[in-house]
Amino acid sequence: MICNAEDLSPAQKAAVETLLGRTVQQGEAVSVRTFEPARVTHERRLEIAAELRKFFAEVDAVGQQVSEEEAEDIVTEAMRSVRPGYRPHQ
């Protein structure tokens, strides 16, 4: 469901603002969506984590060795590609 902020009743607007933790501006649209989280057992989570560790160990084994500074630059570049205003924490 998508509503324009100006179409919300005062009670709806107050509820949305409580959830967002900020005021809703007149030109904004509000979208509400529900979903059921995936049910993953603790054992399956452990299996997935083990598979990921194995995968990354294989990637690390065949990858080029880079300095910590080069690795940071790679991560920063990747972050900027999806968040243009990104600045790394110093």
Side-chain angles (χ1 to χ4, degrees):
M1 139 181 155
I2 299 175
C3 299
N4 293 322
E6 56 265 9
D7 296 336
L8 296 173
S9 71
Q12 291 171 325
K13 187 174 179 184
V16 169
E17 289 175 342
T18 299
L19 289 171
L20 291 175
R22 66 171 181 84
T23 59
V24 177
Q25 305 301 313
Q26 286 294 18
E28 291 184 304
V30 176
S31 172
V32 177
R33 181 176 174 186
T34 64
F35 62 93
E36 194 168 317
R39 304 274 183 225
V40 181
T41 65
H42 179 69
E43 292 77 19
R44 181 63 184 136
R45 286 178 196 228
L46 293 175
E47 290 172 10
I48 292 168
E51 290 169 14
L52 284 170
R53 278 192 291 279
K54 180 182 174 195
F55 172 77
F56 288 123
E58 291 170 2
V59 169
D60 287 345
V62 296
Q64 293 178 324
Q65 294 296 322
V66 296
S67 69
E68 189 173 326
E69 183 178 314
E70 288 174 308
E72 278 297 319
D73 290 344
I74 291 167
V75 170
T76 299
E77 182 180 336
M79 290 296 293
R80 284 189 178 137
S81 73
V82 294
R83 294 187 177 177
Y86 175 78
R87 287 185 287 150
H89 294 282
Q90 299 297 331

- [ ] Can you measure from OG1 (T76) to CD (E69) and round to the nearest 0.5 angstrom?
- [x] 10.5 Å

Task: Shared hydrophobic cluster for I2 and L19 (ILVMFWY, side-chain gaps under 4.5 Å) - done: no

Task: Within one Ile-Leu-Val-Met-Phe-Trp-Tyr cluster: F56 and I48, side-chain cutoff 4.5 Å - done: yes

List, one per line, each side-chain donor-acceptor pair under 3.5 Å for residues 7-17, sequence neighbours excluded.
residue : atom : partner : partner atom : Å
S9      : OG   : Q12     : N            : 3.1
S9      : OG   : Q12     : OE1          : 3.4
Q12     : OE1  : S9      : N            : 2.9
E17     : OE2  : V24     : N            : 2.9

Open item on the list: Once side-chain contact (heavy atoms from CB on, under 4.5 Å) is applied, do any residues pair with E72, and if so which ones, sequence neighbours excluded?
Closed with: none

- [ ] Could you pull out all residues at least two apart from L46 that satisfy side-chain contact (heavy atoms from CB on, under 4.5 Å)?
- [x] H42

Donor-acceptor list for residues 27-41 side chains, cut-off 3.5 Å, not counting sequence neighbours:
residue : atom : partner : partner atom : Å
E28     : OE1  : R22     : NH1          : 3.2
E28     : OE1  : Q25     : N            : 2.7
E28     : OE2  : R22     : NH1          : 3.4
E28     : OE2  : R22     : NH2          : 2.9
T41     : OG1  : R44     : N            : 3.1

TODO: Would you list the pairs meeting salt bridge (charged side-chain N to carboxylate O under 4.0 Å, His left out) in which at least one residue belongs to residues 73-88, sequence neighbours left out?
DONE: none

Task: Hydrophobic cluster partners of Y86 (side-chain heavy atoms under 4.5 Å) - done: V75, M79

